[in-house]
Amino acid sequence: MINVLIAEATKLRRSLVLLVAATPPVMVFALGVLIVASGNAPPEWTMHTMAGAAIWAFFLLPMSVIGLTALIAQLEHGPDTWSHTLALPVPRWQIFLAKALVALGLMAVVSLAVAFASWASALVGLQLGDDVVIAGRFDPMLALRLYGWMFVAGLLVMAIQWTLAMRFRSFAAPVSVGIGGTFVAVAATSAEKGLYFPWLMPVNVLASDDGRSDMAIMMGGIGGLIVFGLAIIWLSRRDWG
Amino acid sequence: MTDTVLSLHQVTQRYGKLTALDAVDLAIPAGAIYGFLGPNGAGKTTAIRCAMGLLRPQAGRIEIGGHDLTRNRRQALASVGAVIETPALFPNLTGRENLDVTRRMLGIAPALIDRALELVDMREAADRRVGQYSLGMKQRMGLARALLAEPKLLILDEPTNGLDPAGIRDMRSLIRALPERTGATIFMSSHLLSEIEQLATHVGLLQHGRVLFDGTLDALSRQQTPRLIITAAPVAQAEQVLRSAGFADPIHEGERLILTDPGAITPERAASFNAALHEAGCRVSELRLERADLETTFMTLTGHTGDAA
(Lines give C-alpha, C1' and ligand atoms only; values in the text may rest on other atoms or scores of the structure.)
Protein backbone atom coordinates (compact mmCIF):
# COMPACT_ATOMS: atom_id res chain seq x y z
CA MET A 1 0.00 0.00 0.00
CA ILE A 2 2.89 2.39 0.80
CA ASN A 3 4.33 1.79 -2.68
CA VAL A 4 0.98 2.57 -4.29
CA LEU A 5 0.72 5.73 -2.20
CA ILE A 6 4.21 6.86 -3.25
CA ALA A 7 3.36 6.07 -6.88
CA GLU A 8 0.21 8.18 -6.67
CA ALA A 9 2.11 11.04 -5.05
CA THR A 10 4.80 10.82 -7.76
CA LYS A 11 2.15 11.51 -10.38
CA LEU A 12 1.79 15.04 -8.97
CA ARG A 13 5.33 16.05 -9.96
CA ARG A 14 5.47 19.08 -12.26
CA SER A 15 1.67 19.01 -12.53
CA LEU A 16 -0.84 21.85 -12.34
CA VAL A 17 -2.10 20.34 -9.09
CA LEU A 18 0.83 21.83 -7.20
CA LEU A 19 0.32 25.26 -8.79
CA VAL A 20 -3.33 25.27 -7.79
CA ALA A 21 -2.42 24.07 -4.29
CA ALA A 22 -0.12 27.08 -3.89
CA THR A 23 -2.80 29.57 -4.91
CA PRO A 24 -4.96 29.76 -1.71
CA PRO A 25 -2.10 30.54 0.71
CA VAL A 26 -0.66 33.09 -1.72
CA MET A 27 -4.05 34.78 -2.06
CA VAL A 28 -4.67 34.80 1.70
CA PHE A 29 -1.22 36.22 2.27
CA ALA A 30 -1.59 38.94 -0.35
CA LEU A 31 -5.06 39.94 0.81
CA GLY A 32 -4.00 39.89 4.47
CA VAL A 33 -0.99 42.13 3.82
CA LEU A 34 -3.12 44.65 1.91
CA ILE A 35 -5.81 44.77 4.59
CA VAL A 36 -3.42 45.12 7.51
CA ALA A 37 -1.02 47.53 5.80
CA SER A 38 -3.87 49.78 4.71
CA GLY A 39 -4.95 50.21 8.32
CA ASN A 40 -8.04 48.04 8.07
CA ALA A 41 -6.70 45.29 10.27
CA PRO A 42 -9.02 43.70 12.82
CA PRO A 43 -8.36 45.23 16.24
CA GLU A 44 -7.33 41.87 17.80
CA TRP A 45 -5.28 38.84 16.75
CA THR A 46 -8.19 36.51 17.51
CA MET A 47 -10.40 38.42 15.08
CA HIS A 48 -7.67 38.37 12.45
CA THR A 49 -7.36 34.60 12.79
CA MET A 50 -11.14 34.18 12.63
CA ALA A 51 -11.41 36.45 9.56
CA GLY A 52 -8.76 34.45 7.69
CA ALA A 53 -10.49 31.20 8.63
CA ALA A 54 -13.85 32.55 7.44
CA ILE A 55 -12.46 33.43 4.00
CA TRP A 56 -10.99 29.95 3.82
CA ALA A 57 -14.19 28.20 4.90
CA PHE A 58 -16.58 30.19 2.69
CA PHE A 59 -14.70 30.41 -0.59
CA LEU A 60 -11.21 29.12 -0.74
CA LEU A 61 -11.74 25.70 0.83
CA PRO A 62 -14.60 24.66 -1.49
CA MET A 63 -12.85 26.21 -4.51
CA SER A 64 -9.59 24.48 -3.62
CA VAL A 65 -11.41 21.18 -3.22
CA ILE A 66 -13.02 21.60 -6.66
CA GLY A 67 -9.72 22.47 -8.32
CA LEU A 68 -7.49 19.96 -6.59
CA THR A 69 -9.78 16.93 -6.83
CA ALA A 70 -10.57 17.67 -10.48
CA LEU A 71 -6.91 18.14 -11.39
CA ILE A 72 -5.81 15.04 -9.50
CA ALA A 73 -8.44 13.02 -11.37
CA GLN A 74 -7.40 14.65 -14.66
CA LEU A 75 -3.90 13.25 -14.18
CA GLU A 76 -5.51 9.92 -15.17
CA HIS A 77 -8.45 11.16 -17.28
CA GLY A 78 -6.31 13.50 -19.41
CA PRO A 79 -3.84 11.01 -20.92
CA ASP A 80 -6.41 8.20 -20.40
CA THR A 81 -4.12 6.15 -18.22
CA TRP A 82 -6.98 4.40 -16.41
CA SER A 83 -6.68 1.37 -18.69
CA HIS A 84 -3.07 0.98 -17.69
CA THR A 85 -3.43 1.79 -14.01
CA LEU A 86 -6.47 -0.40 -13.39
CA ALA A 87 -5.11 -3.34 -15.38
CA LEU A 88 -2.14 -3.65 -13.04
CA PRO A 89 -2.14 -6.64 -10.70
CA VAL A 90 -2.79 -4.40 -7.73
CA PRO A 91 -6.04 -4.42 -5.70
CA ARG A 92 -8.10 -1.59 -7.12
CA TRP A 93 -9.27 -0.44 -3.73
CA GLN A 94 -5.63 0.29 -2.88
CA ILE A 95 -5.28 2.46 -5.96
CA PHE A 96 -8.39 4.50 -5.17
CA LEU A 97 -7.57 4.67 -1.47
CA ALA A 98 -4.11 6.00 -2.36
CA LYS A 99 -5.67 8.59 -4.66
CA ALA A 100 -8.05 9.66 -1.89
CA LEU A 101 -5.22 9.90 0.64
CA VAL A 102 -3.14 12.00 -1.76
CA ALA A 103 -6.06 14.40 -2.23
CA LEU A 104 -6.70 14.59 1.51
CA GLY A 105 -3.01 15.01 2.28
CA LEU A 106 -2.77 17.84 -0.19
CA MET A 107 -5.84 19.56 1.28
CA ALA A 108 -4.35 19.20 4.76
CA VAL A 109 -1.10 20.81 3.60
CA VAL A 110 -3.02 23.64 1.89
CA SER A 111 -5.08 24.18 5.08
CA LEU A 112 -1.91 24.50 7.14
CA ALA A 113 -0.33 26.76 4.55
CA VAL A 114 -3.38 29.04 4.58
CA ALA A 115 -3.27 29.23 8.39
CA PHE A 116 0.41 30.12 8.20
CA ALA A 117 -0.19 32.64 5.41
CA SER A 118 -2.91 34.35 7.43
CA TRP A 119 -0.52 34.84 10.38
CA ALA A 120 2.42 35.84 8.18
CA SER A 121 0.33 38.35 6.25
CA ALA A 122 -0.47 40.21 9.47
CA LEU A 123 3.18 40.31 10.47
CA VAL A 124 4.23 41.71 7.10
CA GLY A 125 1.26 44.10 7.01
CA LEU A 126 2.19 45.45 10.43
CA GLN A 127 5.70 46.18 9.18
CA LEU A 128 4.46 47.91 6.04
CA GLY A 129 1.61 49.95 7.55
CA ASP A 130 1.98 53.17 9.49
CA ASP A 131 0.93 53.01 13.12
CA VAL A 132 -1.02 49.81 12.59
CA VAL A 133 -1.60 47.79 15.72
CA ILE A 134 -3.28 44.47 16.36
CA ALA A 135 -4.00 43.98 20.01
CA GLY A 136 -3.24 40.80 21.91
CA ARG A 137 -1.09 37.89 20.78
CA PHE A 138 -1.38 35.41 17.97
CA ASP A 139 -2.73 32.13 19.34
CA PRO A 140 -1.31 29.32 17.16
CA MET A 141 -3.43 26.70 18.92
CA LEU A 142 -6.60 28.58 18.03
CA ALA A 143 -5.52 28.72 14.39
CA LEU A 144 -4.61 25.03 14.30
CA ARG A 145 -7.87 24.08 16.03
CA LEU A 146 -9.98 26.15 13.64
CA TYR A 147 -8.30 25.02 10.45
CA GLY A 148 -8.09 21.44 11.71
CA TRP A 149 -11.81 21.22 12.51
CA MET A 150 -12.65 22.91 9.22
CA PHE A 151 -10.65 20.20 7.46
CA VAL A 152 -12.62 17.53 9.32
CA ALA A 153 -15.96 19.25 8.66
CA GLY A 154 -14.97 19.64 5.00
CA LEU A 155 -14.37 15.90 4.53
CA LEU A 156 -17.88 15.35 3.20
CA VAL A 157 -17.46 18.03 0.53
CA MET A 158 -14.06 16.61 -0.33
CA ALA A 159 -15.54 13.10 -0.65
CA ILE A 160 -18.37 14.30 -2.91
CA GLN A 161 -16.06 16.33 -5.16
CA TRP A 162 -13.42 13.57 -5.29
CA THR A 163 -15.99 10.93 -6.26
CA LEU A 164 -17.43 13.06 -9.05
CA ALA A 165 -13.97 13.99 -10.31
CA MET A 166 -12.85 10.36 -10.41
CA ARG A 167 -16.03 9.09 -12.02
CA PHE A 168 -16.47 11.66 -14.78
CA ARG A 169 -13.88 12.26 -17.45
CA SER A 170 -15.09 15.81 -18.00
CA PHE A 171 -14.50 18.70 -15.62
CA ALA A 172 -18.12 19.74 -16.06
CA ALA A 173 -19.79 17.52 -13.46
CA PRO A 174 -17.51 18.17 -10.46
CA VAL A 175 -17.07 21.86 -11.26
CA SER A 176 -20.81 22.47 -11.72
CA VAL A 177 -21.66 20.70 -8.48
CA GLY A 178 -18.88 22.51 -6.64
CA ILE A 179 -19.84 25.97 -7.87
CA GLY A 180 -23.50 25.24 -7.19
CA GLY A 181 -22.74 24.02 -3.69
CA THR A 182 -20.59 27.04 -2.89
CA PHE A 183 -23.25 29.42 -4.21
CA VAL A 184 -25.99 27.81 -2.12
CA ALA A 185 -23.69 27.89 0.90
CA VAL A 186 -23.12 31.64 0.51
CA ALA A 187 -26.81 32.32 -0.11
CA ALA A 188 -28.05 30.19 2.78
CA THR A 189 -25.34 30.79 5.36
CA SER A 190 -27.60 31.49 8.26
CA ALA A 191 -30.43 29.18 7.27
CA GLU A 192 -31.44 26.77 9.99
CA LYS A 193 -31.26 23.79 7.66
CA GLY A 194 -27.85 24.96 6.46
CA LEU A 195 -26.42 22.84 9.23
CA TYR A 196 -27.04 19.80 7.05
CA PHE A 197 -25.65 21.27 3.85
CA PRO A 198 -22.17 19.80 3.19
CA TRP A 199 -20.71 23.04 1.77
CA LEU A 200 -21.71 24.91 4.95
CA MET A 201 -20.17 22.44 7.38
CA PRO A 202 -16.68 24.04 7.38
CA VAL A 203 -18.33 27.46 7.83
CA ASN A 204 -20.36 26.20 10.77
CA VAL A 205 -17.15 25.40 12.62
CA LEU A 206 -16.96 29.17 13.20
CA ALA A 207 -20.48 29.29 14.68
CA SER A 208 -20.64 30.80 18.13
CA ASP A 209 -23.15 28.11 19.04
CA ASP A 210 -21.00 25.15 20.14
CA GLY A 211 -23.74 22.67 19.34
CA ARG A 212 -23.88 23.80 15.71
CA SER A 213 -20.11 23.70 15.43
CA ASP A 214 -19.84 20.21 16.95
CA MET A 215 -22.62 18.91 14.75
CA ALA A 216 -20.91 20.28 11.62
CA ILE A 217 -17.62 18.61 12.57
CA MET A 218 -19.30 15.30 13.34
CA MET A 219 -21.52 15.18 10.26
CA GLY A 220 -18.80 16.44 7.92
CA GLY A 221 -16.19 14.08 9.31
CA ILE A 222 -18.23 10.91 9.65
CA GLY A 223 -20.21 11.61 6.50
CA GLY A 224 -16.99 12.23 4.60
CA LEU A 225 -15.43 8.97 5.73
CA ILE A 226 -18.57 7.04 4.81
CA VAL A 227 -18.81 8.63 1.35
CA PHE A 228 -15.08 8.09 0.73
CA GLY A 229 -15.42 4.43 1.76
CA LEU A 230 -18.47 3.80 -0.42
CA ALA A 231 -16.92 5.64 -3.37
CA ILE A 232 -13.72 3.59 -3.16
CA ILE A 233 -15.72 0.35 -3.12
CA TRP A 234 -17.92 1.49 -6.01
CA LEU A 235 -15.06 2.81 -8.17
CA SER A 236 -13.08 -0.38 -7.55
CA ARG A 237 -15.92 -2.63 -8.67
CA ARG A 238 -17.26 -0.79 -11.67
CA ASP A 239 -16.26 -1.59 -15.26
CA TRP A 240 -13.75 0.78 -16.84
CA GLY A 241 -14.38 0.21 -20.51
CA MET B 1 0.04 -30.20 -26.62
CA THR B 2 0.81 -26.49 -26.91
CA ASP B 3 0.57 -24.43 -23.72
CA THR B 4 -2.06 -21.74 -23.91
CA VAL B 5 -1.12 -18.39 -22.39
CA LEU B 6 -4.49 -16.69 -22.80
CA SER B 7 -7.82 -18.31 -23.47
CA LEU B 8 -11.33 -16.97 -23.77
CA HIS B 9 -14.13 -19.47 -23.32
CA GLN B 10 -17.59 -18.52 -24.55
CA VAL B 11 -17.03 -14.91 -23.54
CA THR B 12 -20.09 -12.73 -24.08
CA GLN B 13 -20.23 -8.99 -23.52
CA ARG B 14 -23.29 -6.87 -24.17
CA TYR B 15 -23.86 -3.12 -24.06
CA GLY B 16 -27.62 -2.84 -23.76
CA LYS B 17 -29.03 -4.48 -26.86
CA LEU B 18 -25.68 -4.55 -28.65
CA THR B 19 -23.75 -7.78 -28.36
CA ALA B 20 -20.09 -6.78 -28.60
CA LEU B 21 -18.77 -10.31 -28.01
CA ASP B 22 -20.90 -13.32 -28.74
CA ALA B 23 -19.63 -16.53 -27.13
CA VAL B 24 -16.06 -15.84 -28.17
CA ASP B 25 -13.55 -18.66 -27.94
CA LEU B 26 -9.88 -17.83 -28.45
CA ALA B 27 -6.69 -19.64 -27.52
CA ILE B 28 -3.34 -17.89 -27.67
CA PRO B 29 -0.51 -20.44 -27.70
CA ALA B 30 2.71 -19.78 -25.83
CA GLY B 31 5.46 -18.29 -27.98
CA ALA B 32 3.09 -17.06 -30.67
CA ILE B 33 2.72 -13.65 -32.20
CA TYR B 34 -1.05 -13.64 -32.41
CA GLY B 35 -2.63 -11.16 -34.79
CA PHE B 36 -6.15 -10.15 -33.85
CA LEU B 37 -8.10 -8.81 -36.80
CA GLY B 38 -11.58 -7.56 -37.39
CA PRO B 39 -13.47 -4.72 -39.01
CA ASN B 40 -14.30 -1.58 -37.03
CA GLY B 41 -16.71 -2.38 -34.25
CA ALA B 42 -16.01 -6.11 -34.48
CA GLY B 43 -15.28 -6.25 -30.76
CA LYS B 44 -11.47 -6.43 -30.74
CA THR B 45 -10.92 -3.72 -28.13
CA THR B 46 -13.80 -5.07 -26.04
CA ALA B 47 -12.14 -8.50 -26.08
CA ILE B 48 -8.81 -6.96 -25.06
CA ARG B 49 -10.46 -4.97 -22.26
CA CYS B 50 -12.12 -8.14 -21.02
CA ALA B 51 -8.77 -9.93 -21.12
CA MET B 52 -7.23 -7.11 -19.06
CA GLY B 53 -9.99 -7.30 -16.46
CA LEU B 54 -11.24 -3.80 -17.29
CA LEU B 55 -14.61 -5.19 -18.33
CA ARG B 56 -16.38 -8.10 -16.71
CA PRO B 57 -18.11 -10.19 -19.37
CA GLN B 58 -21.71 -11.19 -18.72
CA ALA B 59 -20.89 -14.79 -19.58
CA GLY B 60 -17.87 -16.97 -20.19
CA ARG B 61 -14.48 -17.40 -18.65
CA ILE B 62 -11.02 -15.96 -19.26
CA GLU B 63 -7.81 -17.68 -18.22
CA ILE B 64 -4.34 -16.18 -18.25
CA GLY B 65 -1.44 -18.47 -17.55
CA GLY B 66 -3.85 -20.99 -16.07
CA HIS B 67 -5.40 -18.47 -13.66
CA ASP B 68 -9.07 -17.61 -13.86
CA LEU B 69 -9.25 -13.84 -14.36
CA THR B 70 -12.41 -13.37 -12.31
CA ARG B 71 -11.43 -15.50 -9.33
CA ASN B 72 -7.73 -14.82 -9.38
CA ARG B 73 -7.33 -11.39 -10.95
CA ARG B 74 -3.98 -10.46 -9.43
CA GLN B 75 -2.21 -13.73 -10.25
CA ALA B 76 -3.69 -13.72 -13.75
CA LEU B 77 -2.63 -10.15 -14.52
CA ALA B 78 0.79 -10.56 -12.92
CA SER B 79 2.04 -12.25 -16.11
CA VAL B 80 0.58 -9.64 -18.48
CA GLY B 81 1.97 -6.41 -19.88
CA ALA B 82 -0.20 -4.28 -22.10
CA VAL B 83 -0.35 -1.21 -24.28
CA ILE B 84 -4.03 -0.52 -24.79
CA GLU B 85 -4.93 1.83 -27.65
CA THR B 86 -2.83 4.99 -27.33
CA PRO B 87 0.35 4.77 -25.25
CA ALA B 88 -1.15 6.48 -22.20
CA LEU B 89 1.69 7.99 -20.18
CA PHE B 90 1.82 10.84 -17.69
CA PRO B 91 3.06 13.80 -19.77
CA ASN B 92 4.29 15.77 -16.74
CA LEU B 93 6.69 12.97 -15.78
CA THR B 94 9.85 11.80 -17.52
CA GLY B 95 9.90 8.43 -19.21
CA ARG B 96 11.88 6.99 -16.33
CA GLU B 97 9.45 8.43 -13.77
CA ASN B 98 6.56 6.90 -15.69
CA LEU B 99 8.22 3.52 -15.45
CA ASP B 100 9.01 4.12 -11.80
CA VAL B 101 5.34 4.79 -11.00
CA THR B 102 4.43 1.42 -12.49
CA ARG B 103 7.43 -0.27 -10.90
CA ARG B 104 6.40 0.91 -7.46
CA MET B 105 2.84 -0.23 -7.95
CA LEU B 106 4.06 -3.64 -9.02
CA GLY B 107 6.61 -3.79 -6.21
CA ILE B 108 9.47 -4.91 -8.47
CA ALA B 109 13.18 -4.11 -8.51
CA PRO B 110 14.40 -0.71 -9.81
CA ALA B 111 16.97 -2.44 -12.04
CA LEU B 112 14.15 -3.67 -14.27
CA ILE B 113 13.60 -0.10 -15.47
CA ASP B 114 16.94 0.02 -17.26
CA ARG B 115 16.39 -3.42 -18.72
CA ALA B 116 13.02 -2.37 -20.15
CA LEU B 117 14.48 0.89 -21.52
CA GLU B 118 17.28 -1.11 -23.13
CA LEU B 119 14.82 -3.46 -24.80
CA VAL B 120 13.05 -0.60 -26.58
CA ASP B 121 16.19 1.48 -27.10
CA MET B 122 14.94 4.43 -25.04
CA ARG B 123 17.68 4.86 -22.43
CA GLU B 124 18.92 8.15 -23.84
CA ALA B 125 15.48 9.77 -23.87
CA ALA B 126 14.38 8.31 -20.54
CA ASP B 127 15.05 11.46 -18.52
CA ARG B 128 13.10 13.76 -20.78
CA ARG B 129 9.49 14.68 -20.04
CA VAL B 130 7.04 12.47 -21.92
CA GLY B 131 5.18 15.59 -23.04
CA GLN B 132 8.17 16.29 -25.31
CA TYR B 133 8.17 12.83 -26.90
CA SER B 134 7.09 12.06 -30.46
CA LEU B 135 4.32 9.51 -30.90
CA GLY B 136 6.87 6.87 -31.86
CA MET B 137 8.83 7.51 -28.65
CA LYS B 138 5.63 7.32 -26.63
CA GLN B 139 4.84 3.98 -28.24
CA ARG B 140 8.28 2.70 -27.32
CA MET B 141 8.00 3.99 -23.77
CA GLY B 142 4.54 2.43 -23.48
CA LEU B 143 6.08 -0.82 -24.63
CA ALA B 144 8.90 -0.45 -22.10
CA ARG B 145 6.33 -0.01 -19.35
CA ALA B 146 4.44 -3.08 -20.55
CA LEU B 147 7.70 -5.08 -20.50
CA LEU B 148 8.72 -3.84 -17.07
CA ALA B 149 7.60 -6.87 -15.05
CA GLU B 150 8.97 -9.35 -17.61
CA PRO B 151 5.50 -10.48 -18.69
CA LYS B 152 4.76 -13.84 -20.26
CA LEU B 153 2.00 -12.26 -22.32
CA LEU B 154 2.23 -8.90 -24.03
CA ILE B 155 -1.05 -7.40 -25.23
CA LEU B 156 -0.70 -4.66 -27.84
CA ASP B 157 -3.76 -2.85 -29.10
CA GLU B 158 -3.01 -1.20 -32.45
CA PRO B 159 0.69 -0.70 -31.64
CA THR B 160 1.51 1.13 -34.87
CA ASN B 161 -1.54 3.38 -34.92
CA GLY B 162 -0.66 6.92 -35.93
CA LEU B 163 3.02 6.22 -36.63
CA ASP B 164 4.74 7.38 -39.79
CA PRO B 165 6.12 4.71 -42.19
CA ALA B 166 9.56 4.76 -40.56
CA GLY B 167 7.99 4.49 -37.11
CA ILE B 168 5.82 1.60 -38.26
CA ARG B 169 8.88 -0.20 -39.61
CA ASP B 170 10.82 0.36 -36.37
CA MET B 171 7.94 -0.78 -34.21
CA ARG B 172 7.43 -3.83 -36.39
CA SER B 173 11.10 -4.81 -36.03
CA LEU B 174 10.88 -4.29 -32.31
CA ILE B 175 7.78 -6.45 -31.95
CA ARG B 176 9.22 -9.16 -34.17
CA ALA B 177 12.32 -9.37 -31.97
CA LEU B 178 10.46 -9.44 -28.65
CA PRO B 179 9.51 -13.11 -28.38
CA GLU B 180 13.15 -14.12 -28.76
CA ARG B 181 14.54 -11.36 -26.53
CA THR B 182 11.97 -11.62 -23.77
CA GLY B 183 10.25 -14.96 -24.17
CA ALA B 184 6.89 -13.21 -24.21
CA THR B 185 3.90 -14.31 -26.22
CA ILE B 186 2.42 -11.40 -28.15
CA PHE B 187 -1.28 -10.80 -28.68
CA MET B 188 -1.74 -7.80 -30.94
CA SER B 189 -4.64 -6.21 -32.71
CA SER B 190 -4.03 -4.18 -35.80
CA HIS B 191 -5.98 -2.61 -38.60
CA LEU B 192 -3.05 -3.21 -40.92
CA LEU B 193 -3.49 -6.62 -42.51
CA SER B 194 -0.05 -6.45 -44.07
CA GLU B 195 1.43 -5.92 -40.63
CA ILE B 196 -0.26 -9.00 -39.22
CA GLU B 197 0.79 -10.94 -42.27
CA GLN B 198 4.42 -9.93 -41.74
CA LEU B 199 4.50 -10.45 -38.00
CA ALA B 200 1.98 -13.00 -36.88
CA THR B 201 2.32 -16.74 -36.55
CA HIS B 202 -1.31 -17.09 -35.51
CA VAL B 203 -4.42 -15.16 -36.43
CA GLY B 204 -7.85 -14.57 -34.95
CA LEU B 205 -10.58 -13.04 -37.07
CA LEU B 206 -13.50 -11.37 -35.38
CA GLN B 207 -16.66 -9.97 -36.92
CA HIS B 208 -19.84 -8.78 -35.23
CA GLY B 209 -18.45 -10.14 -31.98
CA ARG B 210 -18.01 -13.67 -33.33
CA VAL B 211 -14.80 -15.53 -34.08
CA LEU B 212 -14.58 -16.46 -37.75
CA PHE B 213 -11.14 -18.02 -37.52
CA ASP B 214 -8.63 -18.86 -34.82
CA GLY B 215 -5.47 -20.68 -35.81
CA THR B 216 -2.14 -20.44 -37.55
CA LEU B 217 -1.51 -18.12 -40.46
CA ASP B 218 -0.72 -21.17 -42.62
CA ALA B 219 -4.02 -22.80 -41.75
CA LEU B 220 -5.78 -19.59 -42.67
CA SER B 221 -4.09 -19.29 -46.04
CA ARG B 222 -4.85 -22.97 -46.74
CA GLN B 223 -8.54 -22.14 -46.46
CA GLN B 224 -8.26 -20.12 -49.61
CA THR B 225 -8.47 -21.77 -53.03
CA PRO B 226 -5.24 -21.31 -54.99
CA ARG B 227 -5.48 -19.52 -58.33
CA LEU B 228 -3.49 -20.09 -61.50
CA ILE B 229 -2.74 -16.82 -63.27
CA ILE B 230 -1.76 -16.97 -66.92
CA THR B 231 -0.78 -14.08 -69.17
CA ALA B 232 -0.43 -15.26 -72.75
CA ALA B 233 -0.90 -13.83 -76.22
CA PRO B 234 -3.00 -14.09 -78.16
CA VAL B 235 -5.37 -14.37 -75.23
CA ALA B 236 -8.23 -15.83 -77.28
CA GLN B 237 -6.06 -18.69 -78.45
CA ALA B 238 -4.80 -19.29 -74.94
CA GLU B 239 -8.37 -19.45 -73.72
CA GLN B 240 -9.16 -21.97 -76.42
CA VAL B 241 -6.30 -24.18 -75.21
CA LEU B 242 -7.58 -23.97 -71.64
CA ARG B 243 -11.15 -24.78 -72.72
CA SER B 244 -9.95 -27.79 -74.62
CA ALA B 245 -8.18 -28.87 -71.44
CA GLY B 246 -11.52 -28.84 -69.66
CA PHE B 247 -11.84 -25.29 -68.23
CA ALA B 248 -15.17 -23.94 -69.40
CA ASP B 249 -14.94 -20.47 -67.86
CA PRO B 250 -11.51 -19.03 -67.15
CA ILE B 251 -11.84 -15.57 -65.63
CA HIS B 252 -10.66 -12.67 -67.81
CA GLU B 253 -8.78 -9.93 -66.05
CA GLY B 254 -7.34 -7.69 -68.78
CA GLU B 255 -4.76 -9.74 -70.64
CA ARG B 256 -4.79 -12.35 -67.92
CA LEU B 257 -6.69 -15.57 -67.57
CA ILE B 258 -7.35 -16.81 -64.06
CA LEU B 259 -8.23 -20.41 -63.22
CA THR B 260 -9.85 -21.10 -59.88
CA ASP B 261 -10.96 -24.72 -60.09
CA PRO B 262 -9.58 -26.14 -56.86
CA GLY B 263 -9.27 -29.69 -58.16
CA ALA B 264 -7.25 -28.69 -61.18
CA ILE B 265 -4.83 -26.18 -59.70
CA THR B 266 -1.70 -28.11 -58.89
CA PRO B 267 1.91 -27.40 -59.85
CA GLU B 268 1.85 -30.42 -62.20
CA ARG B 269 -1.23 -29.16 -64.03
CA ALA B 270 0.28 -25.71 -64.28
CA ALA B 271 3.34 -27.19 -65.99
CA SER B 272 1.17 -29.14 -68.45
CA PHE B 273 -0.82 -25.97 -69.30
CA ASN B 274 2.42 -24.19 -69.99
CA ALA B 275 3.53 -26.94 -72.40
CA ALA B 276 0.12 -26.96 -74.13
CA LEU B 277 0.16 -23.20 -74.58
CA HIS B 278 3.65 -23.33 -76.11
CA GLU B 279 2.59 -26.13 -78.47
CA ALA B 280 -0.37 -24.01 -79.59
CA GLY B 281 2.01 -21.13 -80.39
CA CYS B 282 0.96 -18.88 -77.49
CA ARG B 283 3.58 -16.56 -76.00
CA VAL B 284 3.41 -17.08 -72.25
CA SER B 285 4.75 -14.14 -70.26
CA GLU B 286 3.35 -15.13 -66.88
CA LEU B 287 2.20 -18.35 -65.33
CA ARG B 288 2.04 -18.56 -61.58
CA LEU B 289 0.22 -20.33 -58.83
CA GLU B 290 -1.04 -17.87 -56.26
CA ARG B 291 -2.46 -18.38 -52.81
CA ALA B 292 -4.67 -15.60 -51.54
CA ASP B 293 -3.00 -13.06 -49.28
CA LEU B 294 -4.38 -12.32 -45.86
CA GLU B 295 -6.39 -9.39 -47.14
CA THR B 296 -8.21 -11.49 -49.71
CA THR B 297 -8.80 -14.22 -47.16
CA PHE B 298 -10.02 -11.67 -44.65
CA MET B 299 -12.37 -10.09 -47.13
CA THR B 300 -13.71 -13.48 -48.17
CA LEU B 301 -14.29 -14.64 -44.61
CA THR B 302 -15.91 -11.41 -43.49
CA GLY B 303 -17.77 -10.79 -46.73
CA HIS B 304 -16.38 -7.31 -46.38
CA THR B 305 -15.53 -4.95 -49.21
CA GLY B 306 -14.15 -1.95 -47.30
CA ASP B 307 -11.26 -1.41 -44.96
CA ALA B 308 -10.32 -4.24 -42.70
CA ALA B 309 -9.77 -2.13 -39.63
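Throughout, a chain's letter reflects where its sequence line sits, starting with A, and its residues are numbered from 1.
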**OP:** Answer with side chain, backbone, both or neither: which region of B/R56 has an atom nearer than 4.5 Å to a non-hydrogen atom of chain A?
**Re:** both

**OP:** Tell me, yes or no, whether the heavy-atom count around B/H67 atom NE2, taken from other residues, nucleotides or ligands under 6.0 Å, exceeds 12.
**Re:** yes

**OP:** For chain B, find which of A/L12, A/V4, A/L16, A/I6 contributes the most heavy-atom pairs closer than 4.5 angstrom.
**Re:** A/I6

Original post:
Can you tell which of A/K11, A/E76, A/R238 has the highest number of heavy-atom pairs within less than 4.5 Å of chain B?
Top reply: A/K11

Subject >> A/I2 versus chain B, the contacting section by heavy-atom distance below 4.5 Å >> reply: neither

**OP:** Answer whether the closest heavy-atom distance between the side chains of B/Q75 and A/P89 falls below 4.5 Å.
**Re:** no

Original post:
Using a cut-off of under 4.5 Å for heavy-atom pairs, which of A/P79, A/A9, A/G78 has the most such pairs with chain B?
Top reply: A/P79

Subject >> More than 12 heavy atoms of other groups within 6.0 Å of A/M63 CE >> reply: yes

Original post:
Taking A/T85, A/L5, A/T10 one by one, which has the highest count of heavy-atom pairs under 4.5 Å against chain B?
Top reply: A/T10

Original post:
Is there any residue in residues 89-122 of chain B with a non-hydrogen atom under 4.5 Å from a non-hydrogen atom of chain A, and which ones are they?
Top reply: B/L89, B/F90, B/P91, B/N92, B/L93, B/T94, B/E97, B/V101, B/T102, B/R104, B/M105, B/L106, B/G107

Subject >> Contact listing (chain A partner; residues 123-157 of chain B; heavy atom under 4.5 Å) >> reply: B/R129, B/R145

Original post:
Got B/L54 and A/L86 here, is their nearest side-chain heavy-atom distance under 4.5 Å?
Top reply: yes

Original post:
Applying a criterion of heavy atom separation less than 4.5 Å, what residues of residues 155-165 of chain A form contacts with chain B?
Top reply: none

Original post:
In terms of heavy-atom contacts, does CZ of A/R14 have more than 12 from other residues, nucleotides or ligands at under 6.0 Å?
Top reply: yes

Original post:
Where along residues 91-116 of chain A does a heavy atom come under 4.5 Å of chain B, listed by residue number?
Top reply: A/P91, A/R92, A/I95

**OP:** Give, for atom OG of A/S83 and atom CE of B/M52, the distance between the pair rounded to the nearest 0.5 Å.
**Re:** 8.5 Å

